[in-house]
Amino acid sequence: MVCYQCGCQLSEQDYCTSCGADVSLYKKILSISNHYYNEGLDKAMVRDLTGAIDSLEQSLKFNSRNVEARNLLGLVYYEIGECTEAMSEWILSMNVEPKRNIASDYIQRIQNNPSRYDVIRQTMKKFNQALAYCQQGSKDLAVIQLKKVLSLSPRFLKAHLLLALLHIDNEDWEKARRELTKILSVDKGNTQALRYMQEVDRMLAPDDIEKSDKRRKKEETVRYQSDNEVIIQPTNLAEGTRSGFSTVLNIIVGMVIGAATMYFLVMPANQKAAQNEAQERVETIAGQLDSKTNEIQQLNNQVETLQKAKEQLEADLDAYEGTEGKLKEMDQLYEAASIYLSTKDVGQTAERLDRVRENVKLEETSEAFRSLYNALLGIIGPELAKTYHEAGYVSFRNEDYDSAIESYSKAVYYDPNNAEALFDLGNAYRRKEDSVNAITTFNRVIELFPDTDTARKAKQFLVDYDDNPSE
């Protein structure tokens, strides 16, 4: 642990033995950061990756220069398929500790493997396409796209989670359970997956088995008592044996009655039943034909709707992949970071950052994108601002005020704390006789840098404008 003021090694004392600075609070902050790092490491080792991310982010809030915590956070992001966030963390780690940093190995492994880099791009493109399908209500197409994403990156937990959510929406509980199980096998502490799994388990729980009524059919019996014994006799027992002639006669009479019953009652009833059955079949077939006709019409409507959706999605995809698309912007930002890390060429890095700034609304990008952009801008800004300031001075001396304004503006953009560059920009506007911009710029000098010689010079020019309002 080194002193934040002089950089000397600290002892067990609460002050720096070299410069005398009070480091008691500083030690506590670093200790808290290390505590959260160790906590995140423990959670990562038991595959509670969501908990690990929370702990590591807390560690970096207390000490943003904690390289071990930032490298581990990048590894956790990479494990759950968040390659963009992982690259951002490793690049920021390299800016803090450019030498003997294992993050450089992680970055080179991805950069030196074009196929892996292409897989990352394809994964993000297809996942964003799946999100677009969901927003448009095309859930079936979203499921197909997510399966393609997972075939490229099986550990991309966001894709698994979205696919599980689509299965839940479709009430396909078994498929949702499979996806959630895959998530929890990678990240045991994933809060959303656990919440979804609780709902799926509730829907898949077996229904209570209703007790069936146990009914016993009573035997048709006759009970009577003889002395001390109870005698049980079935009621259908024949009363006695009749003579053979009576039996034969009864059989013949029964056959005659049965034949008559068959002819006069059963046969007409069967014919009527057959006619009714045939009529029902005709009506059923007619209903099926009407249903098929409606289904064909609905399918034709769906084809037309899907065709329009396909055309719209192709247009969206062209916009996404075009020269002004998000992938192009991310490539330019990564290219700028790669150039600076490998060559330290401020000019080429600034050229890529200018392209990003011209084509991107930073407030609409992700936090990782803005962090990487601001980190690069903070590194090259002061040096680049000095170059533009000098170029503006040359143009100003040559009375080329338009070029001077352009150069001074870039100097102010790359180093907002450069009071002289802001004052010279206002002076260039004044010499160009652009009083509105000149007054606005001088007021900014006074507001941002009060009680400085530059602010006093700006006030003097404003007094001149008050004395000569026509200027």
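Quick note: residue numbers are just sequence positions, from 1. The analysis underlying the following values was restricted to heavy atoms, covering all of them including side chains, and did not include hydrogens, waters or symmetry mates.
- By the 4.5 Å heavy-atom criterion applied to side chains, Y77 and I53 are counted as neighbours.
- Considering CZ of R177 and NZ of K182, their distance stands at 14.0 Å, rounded to 0.5 Å.
- A salt bridge does not link D187 with R47: none of the charged nitrogens is closer than 4.0 Å to a carboxylate oxygen.
- The side-chain heavy atoms of F127 and L162, taken from C-beta on, include a pair separated by under 4.5 Å.
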Using ring-ring contact (aromatic ring centres under 6.0 Å, His included), reason through Y388 and Y408 one step at a time and then give a plain yes or no. CA-CA 6 Å; Y388 281 121; Y408 285 145; over 10 Å; no
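- Here E97 does not pair with R65 in a salt bridge; the nearest charged N to carboxylate O distance is not below 4.0 Å.
- For the pair S151 (side chain) and K148 (backbone), a donor-acceptor distance under 3.5 Å is present.
- Looking only at distances, no side-chain donor or acceptor of H160 sits under 3.5 Å from a matching main-chain atom of L150.
- Here the side chain of T441 pairs a donor or acceptor atom with the backbone of N437 at under 3.5 angstrom.
- Here the closest non-hydrogen pair linking G40 and A52 is O-CB, 3.5 Å.
- Of all heavy-atom pairs spanning A164 and A176, the tightest one is O-CB, 3.8 Å.
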Just do the side chain to side chain contact (heavy atoms under 4.5 Å, CB included) check on L180 and R178 with the steps written out, would you? CA-CA 6 Å; L180 294 173; R178 286 198 295 270; over 6 Å; no
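- Between I102 and V67 the shortest side-chain heavy-atom distance does not fall below 4.5 Å.
- Ring geometry for Y36 versus F62: interplanar angle under 30°, hence parallel rather than tilted (30 to 60°).
- Annotation for A44 and V76: closest pair CB-CG2, 4.5 Å, computed over non-hydrogen atoms.
- With S395 contributing its side chain and A391 its backbone, the two residues share a donor-acceptor pair below 3.5 Å.
- No more than 12 heavy-atom neighbours from other residues, nucleotides or ligands sit within 6.0 angstrom of CG on D140.
- Between the side chains of D48 and N190, no donor N or O sits under 3.5 Å from an acceptor N or O.
- When every heavy atom of G426 is checked against every heavy atom of A438, the shortest pair comes out as O-CB, 3.7 Å.
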Check the pair I120 / L152 against side chain to side chain contact (heavy atoms under 4.5 Å, CB included), numbers first and verdict last. CA-CA 8 Å; I120 294 173; L152 294 173; over 6 Å; no
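- E199 CD to Y196 OH: the interatomic distance, rounded to the nearest 0.5 Å, is 11.0 Å.
- Cation-pi geometry between K457 and F423 is met: under 6.0 angstrom from the ring centre, within 45 degrees of the axis.
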Kindly indicate, with the supporting measurements, whether the criterion salt bridge (Lys or Arg N to Asp or Glu O under 4.0 Å) is fulfilled by K386 and E383. CA-CA 5 Å; K386 181 180 179 181; E383 184 177 350; over 6 Å; no
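- Contact annotation: the side chain of N418 approaches that of E420 to within less than 4.5 Å [non-hydrogen atoms, C-beta and beyond].
- Within the 4.5 Å cutoff, no side-chain heavy atoms of F156 are placed close to those of I80.
- Of the possible donor and acceptor atoms, none in the side chain of D169 sits under 3.5 Å from a partner among the backbone N and O of L165.
- Under 4.0 Å is where a charged nitrogen must lie from a carboxylate oxygen, and between R444 and E447 no such pair does.
- By the 4.5 Å heavy-atom criterion applied to side chains, L56 and R70 are not counted as neighbours.
- Taking the six-membered ring where the residue is Trp, F461 and F442 present parallel rings, their angle staying beneath 30° rather than reaching 60°.
- Here the straight-line distance linking atom NZ of K158 with atom CD1 of I183 works out to 12.5 Å at 0.5 Å rounding.
- Between L166 atom CG and E179 atom CD the span is 10.0 Å, to the nearest 0.5 Å.
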Residue pair N427, D424: steps toward the side-chain hydrogen bond (donor to acceptor under 3.5 Å, both in side chains) verdict: CA-CA 5 Å; N427 197 20; D424 290 342; 5.3 Å; no
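- A distance of 13.0 Å separates CG of L146 from NZ of K139, quoted to the nearest 0.5 Å.
- The line from OH of Y78 to CH2 of W90 is 6.5 Å long, rounded to the nearest 0.5 Å.
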Could you give me the CA-CA distance, side-chain angles and deciding distance for D451 and R456, then say whether salt bridge (Lys or Arg N to Asp or Glu O under 4.0 Å) is met? CA-CA 7 Å; D451 301 328; R456 284 190 285 273; 5.8 Å; no
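- W173 contributes no side-chain N or O that, together with a main-chain N or O of M203, makes up a donor-acceptor pair within less than 3.5 Å.
- Between L141 and Q145 the shortest side-chain heavy-atom distance does not fall below 4.5 Å.
- Closest non-hydrogen pair, D415 versus G381, comes out as CB-O, 4.4 Å.
- Under a 3.5 Å cut-off, the side chain of T452 and the backbone N or O of F449 do form a donor-acceptor pair.
- Within 6.0 Å of OH in Y413 there are more than 12 heavy atoms belonging to other residues, nucleotides or ligands.
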Any chance you could lay out the side-chain hydrogen bond (donor to acceptor under 3.5 Å, both in side chains) test for S59 and S33, step after step, and finish with the verdict? CA-CA 4 Å; S59 174; S33 176; 3.0 Å; yes
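- Of all the heavy atoms in A455 and P450, the pair that sits closest is CB-CA, 4.3 Å.
- Side chains of L204 and E174 form a contact here, defined as non-hydrogen atoms less than 4.5 Å apart.
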Begin with the C-alpha distance, continue with both residues' side-chain angles, and end with the deciding distance and a verdict on side chain to side chain contact (heavy atoms under 4.5 Å, CB included) for L92 and V96. CA-CA 7 Å; L92 291 174; V96 174; 5.9 Å; no
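- Using a 4.0 Å cut-off between charged side-chain N and carboxylate O, D54 and K43 make no salt bridge.
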Give the C-alpha distance, both sets of side-chain angles, the deciding distance and a yes or no for side chain to side chain contact (heavy atoms under 4.5 Å, CB included) between L163 and V149. CA-CA 10 Å; L163 183 57; V149 170; over 6 Å; no
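- Checking side-chain atoms of S64 against main-chain N and O of L60 turns up no donor-acceptor pair under 3.5 Å.
- At least one donor-acceptor pair under 3.5 Å links the side chain of N398 to the backbone N or O of V394.
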